[in-house]
Chemist: 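First the structure, then my questions, so here it is.
Numbers restart at 1 for each chain; the letters A, B, ... are given by sequence-line order, proteins then strands. All heavy atoms count here, side chains included; hydrogens, waters and symmetry mates do not.
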Amino acid sequence: MRVLFRIAYRNLREHQTKTLIIGSIIALGMLVLVVGNSVLDTATAGIETSYTQNFTGDIIIAAEGVETPGLTIDSAFTAEGATPIIPDFDETVAYLTGYDGVSAVNPLILGIASAQIEGTGFGIVQLYGVDPERYQTFFPDNIRLLEGSFLTPEQDGAIVLSTASLEMLEETAARNIGVGDRILVTAQNEITGTKIRELEIAGIFEFIAEAQTLQLVSFISLTDIRILNGMTAQVSDAVIAAADFSSDEDSLFGGGGLLGDTTAAAGTSDDLFGGGLVEAVETSDSEIDFESILGDTSQRDLLGQTDESAWNYILLRLDNPDQAERMVAELNREFSAGGMELVAFEWIDGAGTVAQLTNTLKIVFNWLIVVVAVVAVIIIMNTLVISVTERIPEIGTMRAIGARRNFVRRMIVAETLMIAVVFGSVGILAGMGVTGILGATGIESSNQVLQIFMGGPVLSPVVSTTSVVQSFAAVVLVGIFASLYPASIALGIQPVTAMNQN
Amino acid sequence: MAIVTLSDVHKVYPLGKTEVHAVQGVSFDIEEGDFISIAGPSGSGKSTILNMIGCIDTPTEGSVTIDGTVTNDLNDNEITTLRHKVLGFIFQSFNLVPVLNVYENIEFPLLLGKSIPAKAERKEWIEYIVGEVGLDRWMNHKPNELSGGQRQRVAIARALATKPRIVLADEPTANLDSKTGEQIIELMKQVNTDLGTTFIFSTHDHTIVEIADHVIRLQDGKVIKNERRSSSDESEAIGAGSGTTADRAGE
């Protein structure tokens, strides 16, 4: 075996120029591969941490029919129609909370609206309706409150505005805006049409993670986002079904009194139908005032009441985030088998186009590297073919004096692998060095688009073990592939060619 | 006992749409320890016969038997093993591995076998044969640092490294000046005498043919003379293939 490497090494040394040209191509390829993948890995890891720890959790659960969970403003704009509501919310939460490997759950309502102040200031805001306590437990350190306070449970008519939204409003309103100011938020939904809510700014905050696409997110009290989103249908359905308002006129108008038995709409209906009005109708001897009765808005108010179990998404935090892909598949299997109208997504699916673009960029980059590798293979292969052709008498002689075909094959592979591994390692080490320098100095960019891809204004890449291992595997594969054709030529050299050279 | 036997060997090469009959029904035996010259003009078939004896070419018809083994039906690995164990080669153009030095070139065939001798054993044997060929001081030199004669000495040493029973030499002196050529032939003769190795060499050099103790003369792919010489310079005709006649070498 040693003689193989001795011959391989000396042949490479003998043809220094050729070796250096091929070696430089390999080394440069490996350098680019290591640096590129390290930068992309760091950016991806940064984006993943940023999104999973601040916005998406590890897994996103949505109602069946959701194709992409649009947690970011870019995906909110591209989403078609209203986001369906999670069915059987309480049971679903209970099921997911007890699911093996899930450490926390956080429900979420999403909305998008225009914000106005005093009819002048204007801006688009993405609204997150959250259970304040659950949200802050799920994402304990993701925001920095600059002014005022975060939402409190049961709080209505409040919004906690992001600095980016605030700046947009201040710019258009041409004045300072702060806690206590009131803004008009207008949203359109397919169920109840246009809805306008006046909200008081309860606080001003910024996300600690610098993810540009999420800077327009503001937090809004649950009742208000449900009204803006038209999340009342379920309450209406429930009440209508119970009272059977639409199909049973007797129970509505007949019976002992005008409104009949109002107990069916227990709870909320007591205030609406019980008490003074019913009593007045029942006890009055005077003519019935149909106009006043038909002008009653109580049914409409009932229908307009929000559904407190209406949520768009449930975010899951896992004990081991690396298991997310496996668990998504497992959950989807179980949802399907159990007839649960739910679908599970990985965080990246809800992270919007930018985070997905980073992944795409990495795939594109690796394909580019594949193309470069193919070119490198062809260059190395051609050079080796020339080298083998020049050595026909030498190889023929080796065969004549007792070298088996396998020896010749191994000799060619050893030569190719040696050049690939030696120069590939040099390239990988250089790549690690360059990545180390970039990591120490940091790659800064004031360009917002670049910042999105970098996961922030400064990217400090670190060498990823995966990148090094992949690069080394790539260079070995390049070496093996590049040696196949030259080896086949060498194997075709007959011992008699040694004589023919005479 | 014959160490090499050719029986009615034919070799036909395609040449465009025609065929070249390089060897036509050649039969002869070579005894172990022979110092034999296969002589003849260019195109007479001597290299083809040497290649078939060396198992690097196969006959179109007939059989070649080396050391009791009929080579026709051996597969590549078997034939490679046979070459490695029984045969040594000396080429007209020396054919040394250019990136290996003298010592390494001689050692190379020893590293190709299934059982590789121990390093010390190799070293002792290589130093012996390097001494035999007179290249003690050149062990660490590369082939391109040696003269033609020195390179051929290395080739002889390499051919002897595996202690083969037969050494084949194809025009071993063709690329050497006459004086060096003579020295090389003398060296081969000396090894033949010292180690009992059978030497089979092709040549068209009359001077060299004179030294051989068994001469097979070819013409147009046929044996025209096959004679063994005794020490008293009496020649003995040997029954052989077509066209064989008893004659005195060089006549």
Chemist: So which of B:Glu107, B:Lys85, B:Glu104, B:His84 has the biggest tally of heavy-atom pairs under 4.5 Å with chain A?
Modeler: B:Glu104
Chemist: Is the number of heavy atoms from other residues, nucleotides or ligands within 6.0 Å of CD (A:Gln323) greater than 12?
Modeler: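 Correct, the count exceeds 12.
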Chemist: More than 12 non-hydrogen atoms from neighbouring residues, nucleotides or ligands closer than 6.0 Å to CG on B:Asn75, yes or no?
Modeler: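 For B:Asn75, atom CG is crowded (more than 12 foreign heavy atoms under 6.0 Å).
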Chemist: Quick check on B:Asn77 against chain A: is it the side chain, the backbone, both or neither that has a heavy atom closer than 4.5 Å?
Modeler: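 For B:Asn77, backbone and side chain are both near chain A.
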Chemist: For the atom pair OG1 (B:Thr58) and CD (A:Gln494), what is the distance rounded to the nearest 0.5 Å?
Modeler: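 One gets 9.5 Å once the value is rounded to the nearest 0.5 Å.
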Chemist: For atom CG of B:Asn72, is the number of surrounding heavy atoms from other residues, nucleotides or ligands below 6.0 Å larger than 12?
Modeler: yes
Chemist: Looking at B:Ile56 and A:Pro495, what are the two nearest heavy atoms and their distance?
Modeler: CG2-CB, 3.4 Å
Chemist: With a 4.5 Å heavy-atom cut-off, do B:Leu100 and A:Arg6 have their side chains touching?
Modeler: yes
Chemist: Does A:Glu325 have more than 12 heavy atoms from other residues, nucleotides or ligands lying within 6.0 Å of its CD?
Modeler: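 Check fails, neighbour count at 12 or below.
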Chemist: Is there a side-chain contact between A:Thr397 and B:Val97 (heavy atoms, below 4.5 Å)?
Modeler: no
Chemist: Sort B:Glu171 into side chain, backbone, both or neither according to what part of it lies under 4.5 angstrom from a heavy atom of chain A.
Modeler: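 Contact with chain A involves no heavy atom of B:Glu171 at all.
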Chemist: Just checking A:Phe481: does its CZ atom have more than 12 heavy atoms from other residues, nucleotides or ligands closer to it than 6.0 angstrom?
Modeler: no
Chemist: Kindly determine whether A:Arg404 and B:Thr81 satisfy side-chain contact (heavy atoms from CB on, under 4.5 Å), including the steps that lead there.
Modeler: CA-CA 8 Å; A:Arg404 292 178 176 223; B:Thr81 305; 2.6 Å; yes
Chemist: For the residue pair A:Ile401 and B:Pro109, what are the closest heavy atoms and their distance?
Modeler: CD1-CG, 4.1 Å
Chemist: Side chains of B:Pro98 and A:Glu14: closer than 4.5 Å at any heavy-atom pair?
Modeler: no
Chemist: About how many Å separate CZ of A:Arg405 and OG1 of B:Thr80, when rounded to the nearest 0.5 Å?
Modeler: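 So the gap between those two atoms works out to 8.0 Å.
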Chemist: For A:Arg399, is it the side chain, the backbone, both or neither that has a heavy atom under 4.5 Å from a heavy atom of chain B?
Modeler: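 Contact with chain B is through both the backbone and side chain of A:Arg399.
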Chemist: Please determine whether the number of non-hydrogen atoms from other residues, nucleotides or ligands lying under 6.0 Å from atom OH of A:Tyr9 exceeds 12.
Modeler: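 For A:Tyr9, atom OH is not crowded (no more than 12 foreign heavy atoms under 6.0 Å).
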Chemist: Quick one: closest heavy-atom pair of B:Phe91 and A:Ala400, and the distance?
Modeler: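 Nearest pair, atom of B:Phe91 first, then A:Ala400: CZ-CB, 4.0 Å.
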